[in-house]
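Here the structure is laid out as structure tokens; the discussion comes afterwards.
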There are 2 protein chains.
Amino acid sequence: MAQNPDNLLNNRNIKPTAMRELVLKVLTEQTTAISLAELEHKFHKADKVTLFRTLKTFEENKLIHSIDDGTGSVKYALCTESCQCNPDDLHVHFFCTLCHHTFCLNDIPIPSVNLPVHFNLESISMVVKGICSNCKK
Amino acid sequence: MAQNPDNLLNNRNIKPTAMRELVLKVLTEQTTAISLAELEHKFHKADKVTLFRTLKTFEENKLIHSIDDGTGSVKYALCTESCQCNPDDLHVHFFCTLCHHTFCLNDIPIPSVNLPVHFNLESISMVVKGICSNCKK
DNA sequence: AAAGTTCATGCAACCAAGTTGCAAAGTTAC
DNA sequence: GTAACTTTGCAACTTGGTTGCATGAACTTT
Ligand SMILES: [Mn+2]
Ligand SMILES: [Mn+2]
Ligand SMILES: [Zn+2]
Ligand SMILES: [Zn+2]
């Protein structure tokens, strides 16, 4: 079931300010993850720092997660409603080397890996690079 | 069989200058991956840019590979002799959140993953974060 | 051997992304 | 309405990485 924006914010204990609602709206409209710089381009009035801090607040409260796709700029995407960003909640990300979009492959959990003895897992990230279905002809 | 430094360089078609031999020596002495800044600290005389370009040359010729462990500074480690940095050659990396060292888990290949239809894989990276065996008591 | 060519190195300056400090504006509590 | 707290905006800074360019070393050609 779809949530209205204020519910999404309230559910994550984020005070719903005008700015935050606008940022959340942009985030829900994305089909791929978005960087701070890209987010900035979507606004003419808002300051980069405010957007930065908004994303930080969202991430701290697990409304969004960040993705380091190796391009040098961190991408952000909405978490699923039940996501707590535990290792179990994590999914694979895909970076298209043609269109430079970063996809959440929400249906593809990160495969488990056997670490050497006495190595302890806290979190894990998996980024696949290649050509996305839009760019593949 | 261990190779002497010049052979390692020659095998990868890298002209063996004094600087490159020194950098290679440092790299072979590492048990964990090293950043440009860390490498710089190992020299009192060499310029950061020279070290940067040395690493770049090494990487382009697949003598070393770079690791984006999510810390914001890229790490570098020697490739195995046969490595061509193909998807098949890739291994899992481990970043210890206590000692902040980045390990090549050379024996742990990256598990294969089924991508959505029409997504095409070129390369893949997997970084596990947690506590390493040295830090685990 | 001298001159030309290529490549490596060093210094300075630049760049992009992210981050901090602080004051002004807005919001909530009393 | 005033005080306390939170959010926002501007400026300035930090870090890691990168480029431009001049000097210097090392091979190549004649
Ligand atoms: Mn995602
Ligand atoms: Mn490695
Ligand atoms: Zn694409
Ligand atoms: Zn450790």
Side-chain angles (χ1 to χ4, degrees), chain A residues 5-6 8-10 12-27 33-61 63-77 95 100-102 127, chain B residues 5-6 8-10 12-27 33-61 63-77 95 100-102 127:
Chain A
D6 271 20
L8 281 174
L9 292 171
N10 286 324
R12 297 290 187 171
N13 293 309
I14 300 164
K15 204 190 293 185
T17 68
M19 186 79 253
R20 287 169 181 174
E21 282 164 5
L22 287 171
V23 172
L24 178 54
K25 182 162 179 292
V26 170
L27 288 169
I34 190 172
S35 69
L36 173 57
E38 287 161 349
L39 184 62
E40 207 184 347
H41 291 323
K42 307 238 169 206
F43 293 87
H44 290 277
K45 223 182 111 228
D47 187 75
K48 181 176 76 150
V49 177
T50 304
L51 296 171
F52 167 74
R53 288 197 267 234
T54 301
L55 291 173
K56 203 167 139 195
T57 301
F58 284 6
E59 187 179 13
E60 280 165 1
N61 292 282
L63 177 59
I64 63 176
H65 59 282
S66 61
I67 306 146
D68 184 340
D69 58 16
T71 60
S73 69
V74 177
K75 306 296 191 305
Y76 300 88
F95 174 75
H100 289 189
H101 283 142
T102 299
V127 177
Chain B
D6 271 18
L8 281 175
L9 292 171
N10 286 323
R12 296 291 187 171
N13 292 310
I14 300 164
K15 201 191 294 184
T17 68
M19 185 79 253
R20 288 170 179 172
E21 282 164 5
L22 286 171
V23 172
L24 178 55
K25 181 162 181 292
V26 170
L27 287 169
I34 189 172
S35 68
L36 173 57
E38 287 161 350
L39 183 62
E40 205 185 348
H41 290 144
K42 305 238 170 206
F43 293 87
H44 290 277
K45 222 183 112 226
D47 187 73
K48 182 176 75 151
V49 177
T50 303
L51 295 171
F52 167 73
R53 289 197 265 236
T54 301
L55 290 174
K56 204 167 139 195
T57 301
F58 283 6
E59 188 179 14
E60 281 165 1
N61 292 282
L63 178 59
I64 63 175
H65 60 281
S66 62
I67 306 145
D68 183 341
D69 57 16
T71 60
S73 69
V74 177
K75 306 298 191 303
Y76 300 89
F95 175 75
H100 290 189
H101 283 145
T102 299
V127 178

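Letters A, B, ... are given to chains in the order of the sequence lines, protein chains preceding strands, and every chain is numbered from 1.
Taking CD of A:E60 as the reference point, atom CG of A:N13 lies at 13.0 Å (rounded to 0.5 Å).
The CG-P distance, from B:N13 to C:dA8, rounds to 12 Å in whole Å. Between A:L22 atom CG and D:dG9 atom P there is a gap of 11 Å when expressed in whole angstrom units. In this entry the distance linking CG of A:L39 with P of C:dA17 reads 14 Å, nearest Å. To the nearest angstrom, P of C:dA8 lies 17 Å from CZ of B:F43. Taking atom CG of residue A:L51 and atom P of nucleotide D:dT7, one finds them 15 Å apart after rounding to whole Å. In this structure, B:M19 atom CE and C:dC7 atom C1' are separated by 16 Å, rounded to whole Å. Between the P atom of D:dT7 and the CD atom of A:E21 lies a distance of 13 Å, rounded to the nearest Å. For the pair B:R20 CZ and C:dG10 P, the computed distance is 12 Å after rounding to whole Å.
Every residue two or more places apart in sequence or in another chain that forms a side chain to side chain donor-acceptor pair (under 3.5 Å) with B:E38 is listed here: B:S35. Every side chain to side chain donor-acceptor pair (under 3.5 Å) that B:K25 has, sequence neighbours left out, goes to B:E29. Every residue meeting the ring pair (Phe, Tyr, Trp, His ring centres under 6.0 Å) condition with B:H65, not counting sequence neighbours, appears here in chain and number order: B:H91, B:H93. Take A:Y76 and apply the ring pair (Phe, Tyr, Trp, His ring centres under 6.0 Å) test, not counting sequence neighbours, and it matches no residue. Evaluation of the ring pair (Phe, Tyr, Trp, His ring centres under 6.0 Å) rule for B:F95 yields B:H100 as partners, not counting sequence neighbours.
The backbone N or O of B:S73 lies less than 3.5 Å from a partner atom in the side chain of B:K75, making a donor-acceptor pair.
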Contact pattern, 5' to 3', of nucleotides 11-24 of chain D - B, S or - by protein heavy atom under 4.0 Å: B----SBBBBB---
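Among C:dT9, C:dC7, D:dT8, the nucleotide with an atom closest to any side-chain atom of B:K15 is C:dC7.
Taking 4.0 angstrom as the limit, B:T17 places none of its side-chain polar atoms (N or O) nearer than this to OP1 or OP2 of D:dA26.
Using a 4.0 Å heavy-atom cutoff across all strands shown, A:T50 reaches at least one base atom of the nucleic acid.
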